[in-house]
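So that the names make sense, note that chain A is the first sequence line, chain B the second, and so on, each numbered from 1. Here the structure is a predicted model, which is why all the values come from computation and not from measurement.
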There are 2 protein chains.
Amino acid sequence: MTAEENPPVGLRERRRRETLREVADAALTLFEERGVAATTVDEIAASAGISPRTFFRYYPTKEHALFHEDAEYRAIRVGLLDDVRGGADLAAAIQHAWVRLFDDFDRRPEIRARVLRVRRVIESEPMLLARAVTNDIDNADELIDAAVDAAGAHADVLTIRATVAAMDAIIRVVFGEWVRRSELGDAASAGGIYREVIAGLAPLGAHLSRDAAE
Amino acid sequence: MTAEENPPVGLRERRRRETLREVADAALTLFEERGVAATTVDEIAASAGISPRTFFRYYPTKEHALFHEDAEYRAIRVGLLDDVRGGADLAAAIQHAWVRLFDDFDRRPEIRARVLRVRRVIESEPMLLARAVTNDIDNADELIDAAVDAAGAHADVLTIRATVAAMDAIIRVVFGEWVRRSELGDAASAGGIYREVIAGLAPLGAHLSRDAAE
DNA sequence: GAGTACATGGCAGTGACTGCCAAGTTGGCG
DNA sequence: CGCCAACTTGGCAGTCACTGCCATGTACTC
């Protein structure tokens with residue numbers, strides 16, 4: 001008996017996931033080849049072997065097909081939520097989650113390669129960057145709720161929001177730089193870039209803690 | 001002779017600016033009344049007294065009509081660019097520019113009211129929030145270039161990028177909180193919220209400068 | 001006052017996305 | 001096995017955002 005996830009995986013569900021993935025791959029490839037604007041939903045659907053009407057039952061917009069969340073990504077996110085709900089320091093937990101993902105990139109080239117392809121397309125079109133940001137915002141809301149719950153009655157929601165927003169912004173910069181360097185042929189490590197950014201931000205950090213003391 | 005801007009303001013240009021503004025107002029009002037998705041370009045155009053075809057000669061998408069940049073805003077941005085090009089500390093200059101704008105809000109209720117209306121609509125639709133972020137990113141590029149120029153040969157572009165991104169993220173949180181509180185009937189001051197956020201971020205700042213020292 | 005550059009509006013076309021309906025599949029159950 | 005119910009798919013028609021093209025008007029130039 002091949003071990004599958006236990007209860008909620010019927011045969012239908014597995015097919016659905018396969019199709020989801022195939023459509024995402026088709027979209028990614030076409031986006032890379034001819035750009036996002038020049039790719040029609042009809043083409044993506046044809047390339048994935050489904051009708052255009054069905055495409056929209058899998059993804060609400062053509063851009064969404066690019067943001068198919070792979071398993072590793074999801075695992076990291078769930079782990080982060082657990083940590084935070086368990087009372088971990090918010091900023092440290094976020095940092096830990098991303099560093100873990102970045103380390104994964106260095107260890108597993110096939111994951112690294114796919115994420116890099118996706119991020120490269122994202123950086124190439126402002127529209128996609130916008131969608132990526134809305135994704136970040138959605139995820140952030142979940143994280144903020146978790147942190148608020150963990151902090152209990154005396155939760156400082158505003159600070160929690162600001163912390164998450166700042167960390168997200170930093171991560172976006174890391175991805176941007178990662179793509180930029182890789183396009184220059186530099187096989188940069190995302191984790192390395194992250195550490196560079198943190199180091200560079202030390203003066204700003206000092207500035208922040210000083211300002212508050214006034 | 002009424003003092004106008006000197007060289008590049010013909011009669012045509014003035015009309016254009018008026019129309020730009022009228023269209024933006026029409027869009028804002030309709031968005032507030034019935035939501036962004038439920039408002040068609042035809043309605044906005046009709047309400048502003050132009051044809052739909054002409055609408056697209058003023059704004060590339062219906063969302064863009066919301067992001068009409070008013071004079072105060074532009075003045076602040078230009079001032080910031082000058083400061084940075086003049087060699088001012090980047091984070092301090094950004095902070096200074098925003099605080100100046102926030103103080104303007106407290107002093108001039110009509111500006112405050114309009115910005116608040118716009119931000120309220122923005123916060124109500126994730127897509128608009130995303131557009132706002134991409135706008136910020138575009139403006140950021142200009143600012144980053146200025147900072148890089150000012151720093152000369154030994155400019156640390158990555159740190160500059162990260163600094164600007166982090167500050168932008170913080171400002172977005174401020175606007176979000178400002179809208180949230182104002183919807184609760186609380187006539188909050190954006191400047192006050194900014195100071196609250198900075199104070200709350202002190203531990204994160206300390207965290208950042210400590211991490212870098214490791 | 002004529003000529004030119006530009007702004008406007010209409011028209012037709014493409015492409016994203018939705019609701020609706022008909023046909024095919026799948027899964028459960030007697 | 002056979003049958004019903006639930007679900008999935010694809011086609012069709014419709015709305016709306018947005019674009020290129022062209023004819024007509026309006027503003028600046030000399």
Which is true for [X] with a 4.0 Å heavy-atom rule: it touches a base, it touches only sugar-phosphate, or it touches nothing?
| X | result |
| --- | --- |
| B:Thr19 | nothing |
| A:Tyr58 | sugar-phosphate |
| A:Arg16 | nothing |

For [X] and [N], is the shortest distance between a side-chain N/O and OP1 or OP2 below 4.0 Å?
| X | N | result |
| --- | --- | --- |
| A:Arg15 | C:dT26 | yes |
| A:Ser51 | D:dG10 | yes |
| B:Thr54 | C:dG9 | yes |

How close or far is atom [atom2] of [N] from atom [atom1] of [X], stated in whole angstroms?
| X | N | atom1 | atom2 | value |
| --- | --- | --- | --- | --- |
| B:Tyr59 | C:dT8 | OH | P | 13 Å |
| B:His64 | D:dT19 | NE2 | C1' | 16 Å |
| B:Glu63 | D:dA17 | CD | C1' | 9 Å |
| A:Met127 | C:dA16 | CE | P | 13 Å |
| A:Glu13 | C:dT25 | CD | P | 21 Å |
| B:Asp42 | D:dA17 | CG | P | 7 Å |
| A:Ile44 | C:dA16 | CD1 | C1' | 11 Å |
| B:Arg53 | D:dC22 | CZ | P | 13 Å |

message: Set out, in order, the CA-CA distance, both residues' side-chain angles and the distance that settles ring-ring contact (aromatic ring centres under 6.0 Å, His included) for B:Phe105 and B:Trp178, then state yes or no.
response: CA-CA 12 Å; B:Phe105 291 168; B:Trp178 189 42; 5.1 Å; yes

- request: Check every atom of D:dC16, C:dG15, C:dG10 against the side chain of B:Arg57 and return the nucleotide holding the closest atom.
  value: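 Per side-chain heavy atoms of B:Arg57, the pick is C:dG10.
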
field: Out of D:dG10, C:dA16, D:dA27, whichever nucleotide has its closest atom nearest the side chain of A:Ile50
entry: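 Closest nucleotide among those given: D:dG10.
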
query: Is there a side-chain contact between A:Asp42 and A:Phe55 (heavy atoms, below 4.5 Å)?
result: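 Not touching, per the 4.5 Å side-chain cut-off.
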
Flag side-chain contact, heavy atom, 4.5 Å: B:Leu208 against A:Leu204: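 Not touching, per the 4.5 Å side-chain cut-off.
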
task: For residues A:Ala162 and B:Val173, report the shortest heavy-atom separation together with the two atoms involved.
output: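 Of all heavy-atom pairs spanning A:Ala162 and B:Val173, the closest is CA-CG2, 3.9 Å.
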
- request: Could you tell me which non-hydrogen atom of A:Leu90 sits nearest to which non-hydrogen atom of A:Ile160, and how far apart they are?
  value: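 Closest approach of A:Leu90 to A:Ile160: CD2-CG2, 3.8 Å.
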
task: Would you kindly compare B:Pro52 and A:Lys62 by the position of their nearest DNA chain C nucleotide and give the one closer to the 5′ end?
output: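 The answer here is B:Pro52.
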
